[in-house]
Amino acid sequence: MSRSVSEIIASLGTGIHIDGQWRDAASGDTFEVDNPATGEVIATLANGGKADADAAIDVAAAKQAEWAAVPARERSEILRRAYELLTERAEELALLMTTEMGKPLAEARGEVAYGAEFFRWFAEEAVRIPGDARLSPDGKTRFVITHEPVGPCILITPWNFPMAMVSRKIGPAIAAGCTMVYKPAELTPLTSLYVLDVLREAGLPDGVLSVVCTTDAGSVVEPWIDSGKARKLSFTGSTPVGKLLLEQCSRGVLRTSMELGGNAPFIVCEDADLDVAVDAAMAAKMRNMGEACTAANRILVHRSVLPDFSAKLTERMSALNVGDGAADGTDVGPLVAGKAVDKVVELVDDAVDRGAEVLCGGSRPSGNGYFYPPTVLSGVSAESQIMTTEIFGPVAALVPFDTDDEAIEIANATEFGLVSYVMSESLDRGLSLSERLEAGMVGLNTGLVSNPAAPFGGIKQSGLGREGGLTGIQEFLETKYLAIPVR
Ligand code: NAD
C-alpha cells in the first residue's frame, strides 16, 4: 500500500546522520522545511553546526582506509541495489520531492529516473577503474600507474535538483572508494535523507556517508574544509558561493569540483525547423520551471523568423497550467521560495522598463504559494539585467540577431560558459556555431543535454571539472605511479 507524504516524512531521520546514527544537533537547534505550493511547514529537522560537522568529518577520516579496501565489486553492488530500490520507490520519492521543492510530479519522476541512473552508471564504472604499466623511454624503469580514492570528500548541493545533484556526486565517490560528509540545501533536505536511507538499505556501511543539514552552511562546511581531514570538495551551486569555497579550499590545497551558474544562450537560425526549435526551447526553458543551471536564459532568434518563432513559443507558453506540482494536470509548479519570485519580478520589470514587450504572463499572481506565470518577453535590450543574470524562473527573453557573427558575439558576452543551444537544419553551420560557442556543452537541435553517461560541466565561471560520463569518476581518484628499476 502506498504511503502518504506525511508518513514518508515521518519515516525520515532527524537531519543529522553520523556513523550510522541519527542525532539531534549538538546545540539542540532545529529548522523548518516548507511546501512552496502552500507555504505550510512539512518537517522540522536538526539544525547542525560546527560540533556536528567536527563529529562527521572525524568519522569520514577514520573510515576512509577500511572503505577504500572494500572490493570494487562490493561497492558496485551497493550502487546497483540503490538504483533498483530507487526505481521501485520512484513514486514515493517523486511525491516527497514535489512536496518540498515544488516541481510537478511528472518532472519529479523524471528526476528520480535521471538521478538513480547515476548509481547504475557508476556501479558499472566502479569495476572498470583503469591502470597503466609501461617502460620509460630509456628502457631502464618500469612505470606502474594506479588510481586511488582521493580520500574523504565534502559534498554540497543546491535545491533545484535535490536528488540528481547529489547522486551525481555520491555515485562516483562510492565507486572510487571515498568516504563523504554531505550538506544538502536547506530548502530541500528531505529528498537527500530519503536517498541516504535507500543507500543504507542497499548496504552502504556506517560512516561512509554522513549528512549534516543546517541553515548556516558556513558553520558546517568551513570546519570541514579547515579540518585537515578532507581531501576534496565537490560543490554544485551558484558562482559566488563557488568562488568563496575555492578561496577556502586553497588554504588546505583541497581538490575541487565546481558545478556553478549558467547564462545559456539559445540560438535559432533562420534555417531552423521552427517546430523542433520551439520544442527544444520549451525543454531548455521550462524544465524545472526555469530553475535550472542549463535553462535557456537568452533566446537569440534570427530577425527573419522572430515573428513566427515568438508566436509559436507564446502559444505553447500560454497553454501551460500553473498550480500545485502534486495536482493532476499541473505543468508549472511554484518557484522554490518567495525570494525567488521577487527576483523574477525585478528582472521582468527591468526588461520592460528598458523596452521589452510582454507577449504573455509578466505579472505575479495573487494568492498563496510562490507562483509566477510562464512569460515571453520580446525585444529585450542588451542592457537589461536579464541578459547577464540567471533568471531561474519561467521567463523566455527573446533577442533578435542578423548574422551568425552577431549571434556568437552576444552568446559569448558573458562570464559563464555552462551550456549553449543551436537550432539549424544545416549540419555544417550547426557544427561551426557549436565550435565557436564558449561552453562546456552544446545542444544541437535539442534542448536537453543532461545524461549520466555524458560529461556534464562548464568552462569560464561556470565551473571546474565534469560530472557523469567516462571522466566523472576521475574527479574522485588520485593518480599514483610506482617507479621500478629494470634489473
Ligand atoms: P547557492 O550557491 O546559494 O547554494 C548552493 C549550496 O551551497 C547550498 O547547499 C547552500 O546552503 C550552500 N552554501 C551557501 N553558502 C555557503 C557557504 N558560505 N559555505 C558553504 N556552503 C554554502 O545556490 P542555490 O541557490 O542553492 O542553487 C542555484 C545555483 O546553483 C544557480 O546558480 C545554478 O546555476 C547553480 N546550479 C549549477 C548546476 C551545475 O551543474 N552547474 C546545477 C544546479 C544548480
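Counting starts at 1 for both ligands and their atoms, in listed order. Note that the structure is predicted; figures quoted are calculated from it, not measured.
Aromatic ring centroids of Y83 and F119 lie 6.0 Å or more apart. F392 has its ring centre less than 6.0 Å from the ring centre of W159.
Within the structure, ligand 1 lacks E186 among the residues with a heavy atom less than 4.0 angstrom away. Using a non-hydrogen distance threshold of 4.0 Å, K339 does not register as a contact of ligand 1.
Atoms of ligand 1 lying under 4.0 Å from any heavy atom of I156, numbered from 1 in the order shown and given with element: 6 (C), 7 (O), 9 (O), 12 (C). Less than 4.0 angstrom separates some heavy atom of V221 from each of these atoms of ligand 1: 20 (C). Near A217, meaning under 4.0 Å from any of its heavy atoms, are these atoms of ligand 1: 11 (O), 13 (N), 16 (C), 20 (C), 21 (N), 22 (C). Less than 4.0 angstrom separates some heavy atom of F456 from each of these atoms of ligand 1: 39 (C), 40 (O). The M165 neighbourhood of ligand 1 comprises atoms 42 (C), 43 (C), with distances under 4.0 Å to a heavy atom of that residue. Interface atoms of ligand 1 facing L418, defined by a heavy-atom separation under 4.0 Å, are 41 (N).
At under 3.5 Å, a nitrogen or oxygen of W159, whether backbone or side chain, sits near a nitrogen or oxygen of ligand 1. In terms of polar-atom proximity, defined here as any N/O pair under 3.5 Å, S462 makes no such contact with ligand 1.
In terms of protein heavy atoms, atom 40 (O) of ligand 1 is closest to R168 NH2, 2.8 Å. Regarding atom 27 (O) of ligand 1, its nearest protein heavy-atom neighbour is P158 CB, 3.3 Å. The protein atom (non-hydrogen) at minimum distance from atom 36 (N) of ligand 1 is C293 CB, 3.6 Å. F235 CE1, 3.2 Å is the protein heavy atom nearest to atom 7 (O) of ligand 1. Protein heavy atom nearest atom 11 (O) of ligand 1, with residue, atom name and distance: K183 NZ, 3.0 Å. If you check which protein heavy atom lies closest to atom 9 (O) of ligand 1, you get T157 O, 2.7 Å.
Between atom 43 (C) of ligand 1 and the options N297, L233, N160, L187, the minimum heavy-atom separation is to N160. Ranked by closest heavy atom to atom 1 (P) of ligand 1, the top entry among G261, S238, A340, G457 is S238. Comparing heavy-atom distances from atom 20 (C) of ligand 1 across V419, L245, L155 singles out L245 as nearest. Heavy-atom proximity to atom 5 (C) of ligand 1, evaluated over L260, V241, I225, T236, is greatest for T236. Looking at G468, S192, G237, G440 and measuring to atom 35 (C) of ligand 1, the nearest heavy atom belongs to G237.
Residue E390 touches ligand 1 through its side chain alone, judged by heavy-atom distances below 4.0 Å. Neither the backbone nor the side chain of M441 has any atom closer than 4.0 Å to an atom of ligand 1 (non-hydrogen atoms only). For F161, no heavy-atom contact with ligand 1 is shorter than 4.0 Å. Counting heavy atoms under 4.0 Å from ligand 1, residue L244 touches it through the side chain alone.
A donor and an acceptor atom, one from each side chain of K343 and T389, are nowhere located under 3.5 Å apart. T239 and Q461 share no donor-acceptor pair across their side chains, judged by distance under 3.5 Å alone. A side-chain donor-acceptor contact under 3.5 Å links T179 and Q64. Between the side chains of N47 and T30, not a single donor N or O lies within less than 3.5 Å of an accepting N or O.
In terms of modelled atom types and a separation under 3.5 Å, the side chain of R75 and the main chain of A173 share no donor-acceptor contact. Panel note: side chain N297, backbone I391; a donor-acceptor pair is recorded below 3.5 Å.
Among residues two or more places apart in sequence or in another chain, the side chain to side chain contact (heavy atoms under 4.5 Å, CB included) test is passed with E346 by Q385. Listed by chain and number, the residues in a salt bridge (charged side-chain N to carboxylate O under 4.0 Å, His left out) with R109 are E91 (sequence neighbours excluded).
In this structure, R287 forms a cation-pi arrangement with Y114, its terminal cationic atom sitting closer than 6.0 Å to the ring centre and no more than 45° off the ring axis.
A 4.5 Å side-chain heavy-atom check between T38 and N368 finds every atom pair outside the cut-off.
Note that CD of E40 is 9.5 Å distant from CG of D34, once rounded to the nearest 0.5 Å.
Note on ring orientation: taking the six-membered ring where Trp is involved, the planes of F266 and Y421 are tilted (angle from 30° to 60°).
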For this session: List the steps, then state whether side chain to side chain donor-acceptor pair (under 3.5 Å) holds for E100 with T191.
Result: CA-CA 8 Å; E100 72 170 343; T191 301; 2.5 Å; yes

